[in-house]
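Data block below; observations after.
Positions are given from 1, in the same order as the sequence printed here.
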Amino acid sequence: MAHLRSRRRLALAVPVVLSLTASLGFLPTAASAASAASAARAAATTTDAPVSAYVVNTRTDRHTISSVQRAITAAGGSVVATYDRIGVIVVHSADPGFAQRMRAVRGVQSAGATRTAPLSASGTTDEGAVQYLTGAEAARAAKASGGGAEPLEADQWDLRAIGADRAAKIDPGSRNVTVAVIDTGVDDTHPDIAPNFSPGQSANCVSGKADTTYGSWRPVDADHYHGTHVAGEIAAARNGVGVAGVAPGVKVAGITVAQPDAGQLFFPESVVCAFVFAADHGVEITNNSYYVDPWQYNCMDDPDQKAIVDAVNRAQLYARGKGVLNVAAAGNSNNDLDADALVDDSSPDDSTPVSRTVDPHRCFDIPTQLPGVVTVSAVGVKGAKSYYSSYGDGVIDVAAPGGDKYQIPDTPSKNGRILSTLPNNQYGFLQGTSMATPHVAAVAALLKSAHPHATPAQLQALLKAQADNPGCPAGPYDGDGDGVVDATCAGGKRVNGFYGFGIVNALRAVK
């Protein structure tokens, strides 16, 4: 995330909008009576106004897209990118009434602003700041690591928790499988990442249009560490250096979507670009350890937020239709995503947040609540739900180690967080559903390696089948130990709100 904020199902239908309507209950968009000519005149009056970003979602036939593109130009908009196969057009405009004008254009199914502040001016799902591995900690870990283990592996309790250390000896994964990390950038020069990095499947999508210039996927600075940490968790090589990934034989790619500033926000047009790019470049699995900014929950009765859900859902369904399994974090708000109501007091996060009460069945945390996406909750070393992890009966698919500072492991560092790679050849600890998600993506990669012809739906079923479910806690759940009940687990031993179908198991996946 970089602004370190807590955030927290199948088949691609043709046309895509029908799938969206069926799965998310889209509401009809109210149309304006403004003509294209009046829109152009209105745009002309805002020449000196700040430029904002929009998504315009249309039918996918060539005639409609061409017609809408002409209407966009007539209204003073500038097309940044057109994803004609899913009917999503990314636009910049200085006219604050641009989206409303577009909703009146024939063929436009939804349109809205992707942020609440101008371009001139996301959040990832890690909880708290990074803790860099010190020299003394590295020395203790190296001393404790046994023969055949990576130098820092003694501090990787998470590998042992899901049998990944033993799985690697049976099948470390296939180089024919690539996991794309949609995130803040990946430092492919890191010695633990370089052996498995795929530059041909990497890009920078920040603008909403893919930039494949060599190195464009790298983080802009060391503060954009999140994507590199995630990439290491998935596929850090077993090469006698540093740490090991859960699937050290698969390839990993980086698709940068975070804005290159202090906010590191993940805006919709960047995420749309990333899903389409991954789908068109042979990626098998995407890792999504973030929520799409600026809204933690996107409500379908708001035309801008509806357009955001529409655009991102079209993109992820397109990827799924091309054989990509999308895995996403449930978030770090300790929210019950199956509750009747939640308080969202952090949106919009690109301007001034306003507290509001939302129904998570009608207001969606995306991409994690989109159809077909694997939703992941986090656990600590004891196998209990992490104190910060969001949950929800019927929402969570599987769980995985994400770390928990209150659950202390018997490791050299005694650090309950997850150790992985950081930019500039560094290593450090992070916790969050951001860290749980790559464990699931990596186990999915192991399953894909063993079952190369498996569809996304089949992979998702395999993930659920090999998981170990501890069941709901016997007593009240008090994650931080302060004597207050923090969450209630609904469901049974087979499926429940804390763990979904259970905690993923790498060893069982390769067997």
| note | In terms of heavy-atom contacts, Pro199 and Trp217 come closest through CB-CH2, 3.6 Å
| query | For residues Thr82 and Asp84, is any side-chain donor paired with an opposing acceptor at under 3.5 Å? | reply | no
| field | Presence of salt bridge, Asp165 and Arg160, under 4.0 angstrom | value | no
| message | Quick check: do Thr433 and Ser390 have side-chain heavy atoms less than 4.5 Å from each other? | response | no
| So, Thr184 side chain and Gly227 main chain: donor-acceptor pair closer than 3.5 Å or not? | yes
| message | Has Gln466 got a side-chain atom pairing as donor or acceptor with Leu463's backbone, closer than 3.5 angstrom? | response | yes
| said: Please check: side-chain N/O of Asp404 versus main-chain N/O of Tyr387, any donor-acceptor pairing under 3.5 Å? | reply: yes
| Less than 4.5 Å apart, any side-chain heavy atom of Thr437 and any of Asn288? | no
| said: Measuring centre to centre across the rings, with the benzene-like ring taken for any Trp, is Phe498 within less than 6.0 Å of Tyr477? | reply: yes
| field | Reported CG-to-CG distance for the pair Asp187 and Asn425, which is rounded to 0.5 angstrom | value | 7.0 Å
| said: Pair Val398, Tyr499 - check side-chain contact (heavy atoms from CB on, under 4.5 Å), show working. | reply: CA-CA 6 Å; Val398 289; Tyr499 312 105; over 6 Å; no
| message | If you compare all heavy atoms of Arg115 against all heavy atoms of Asp350, which two are closest, and at what distance to 0.1 Å? | response | CB-OD2, 3.0 Å
| Short side-chain to backbone donor-acceptor contact, Ser386 and Tyr388, under 3.5 Å | no
| message | Apply side chain to side chain donor-acceptor pair (under 3.5 Å) to residues Ser289 and His226 and explain how you reach the verdict. | response | CA-CA 9 Å; Ser289 292; His226 189 270; 5.3 Å; no
| Tell me, do Asp280 and Arg85 make a side-chain contact under 4.5 Å, heavy atoms counted? | yes
| said: Within the 4.5 Å heavy-atom criterion, are Arg314 and Asp310 side-chain neighbours or not? | reply: yes
| message | Ring centres under 6.0 Å, that's the criterion: do His229 and Tyr225 meet it? | response | no
| So, Asn57 side chain and Ala307 main chain: donor-acceptor pair closer than 3.5 Å or not? | yes
| message | Using only atom types and a distance under 3.5 Å, with no angle test, would you say the side chain of Thr375 pairs donor to acceptor with the backbone of Ile396? | response | no
| request: Please report the C-alpha distance between Asp192 and Tyr427 in whole Å, then the side-chain angles of each, then the deciding distance to 0.1 Å, and finally whether the side chain to side chain donor-acceptor pair (under 3.5 Å) criterion is met. | output: CA-CA 10 Å; Asp192 255 336; Tyr427 298 89; 3.0 Å; yes
| query | Could you state the interatomic distance from CG (Leu447) to CG (Leu459), rounded to the nearest 0.5 Å? | reply | 6.5 Å
| request: Return yes if a side-chain donor-acceptor contact under 3.5 Å exists between Asn298 and Tyr291, otherwise no. | output: no
| note | Between Pro191 and Asn239 the two heavy atoms that sit nearest each other are O-ND2, 3.0 Å
| query | Of the non-hydrogen atoms in Gly403 and Trp157, which two are nearest, and what is the gap between them? | reply | CA-CZ2, 3.9 Å
| request: Could you tell me whether the side chain of Val443 reaches within less than 4.5 Å of the side chain of Val246, counting heavy atoms only? | output: yes
| query | Do Arg238 and Glu153 come close enough that some side-chain heavy atom pair is under 4.5 Å? | reply | yes
| note | In terms of heavy-atom contacts, Ser377 and Ala436 come closest through O-CB, 3.6 Å
| said: I want to check something: taking the side chain as every heavy atom from C-beta on, are Val230 and Met435 in contact at a cut-off of under 4.5 Å? | reply: yes
| Which is it for Val243 and Glu150 under the side-chain contact (heavy atoms from CB on, under 4.5 Å) test, yes or no, and what are the steps along the way? | CA-CA 6 Å; Val243 297; Glu150 296 297 278; 5.6 Å; no
| request: Begin from the C-alpha positions of Arg417 and Leu430 and carry the test side-chain contact (heavy atoms from CB on, under 4.5 Å) through to its verdict. | output: CA-CA 5 Å; Arg417 299 166 180 84; Leu430 281 169; 5.8 Å; no
| Got a second to check how far Arg508's CZ is from Leu462's CG, nearest 0.5 Å? | 12.5 Å
| query | Can you list the steps and then say if Val373 with Asp397 is a side-chain contact (heavy atoms from CB on, under 4.5 Å)? | reply | CA-CA 9 Å; Val373 174; Asp397 290 305; over 6 Å; no
| query | Just wondering, more than 12 heavy atoms not from Lys511 lying within 6.0 Å of its NZ? | reply | no
| query | Would you say the side chain of Arg218 lies within less than 4.5 Å of the side chain of Val186, judging by non-hydrogen atoms? | reply | no
| task | Tell me, yes or no, whether the heavy-atom count around Lys464 atom NZ, taken from other residues, nucleotides or ligands under 6.0 Å, exceeds 12. | result | yes
| Which heavy atom of Val250 sits nearest a heavy atom of Ser449, and at what distance? | CG1-OG, 4.0 Å
| Donor-acceptor pair, side chain of Gln156 and main chain of Ala244, under 3.5 angstrom | yes
| remark: In this structure, NZ of Lys209 is separated from CD of Glu269 (nearest 0.5 Å) by 14.5 Å
| task | For Asp155 and Ser413, indicate whether the former's side chain and the latter's backbone hold a donor-acceptor pair under 3.5 Å. | result | yes
| Looking only at side chains, do Asp344 and Ser346 share a donor and an acceptor under 3.5 Å apart? | yes
| side chain to side chain contact (heavy atoms under 4.5 Å, CB included) with Val181: which of Ile193, Thr286, Val252? | Val252
| request: Determine yes or no for a side-chain-to-main-chain donor-acceptor pair under 3.5 angstrom, with Ser347 supplying the side chain and Trp295 the backbone. | output: no
| When rounded to the nearest 0.5 angstrom, what distance separates NE2 in His439 from CG in Leu159? | 6.0 Å
| Short question: side chain of Asn335, backbone of Leu337 - any donor-acceptor pair under 3.5 Å? | no
| query | Atom OH in Tyr83, atom CD1 in Ile89: separation rounded to 0.5 Å? | reply | 12.0 Å
| request: Give the C-alpha distance, both sets of side-chain angles, the deciding distance and a yes or no for side chain to side chain donor-acceptor pair (under 3.5 Å) between Asp261 and Gln264. | output: CA-CA 6 Å; Asp261 54 26; Gln264 296 185 32; over 6 Å; no
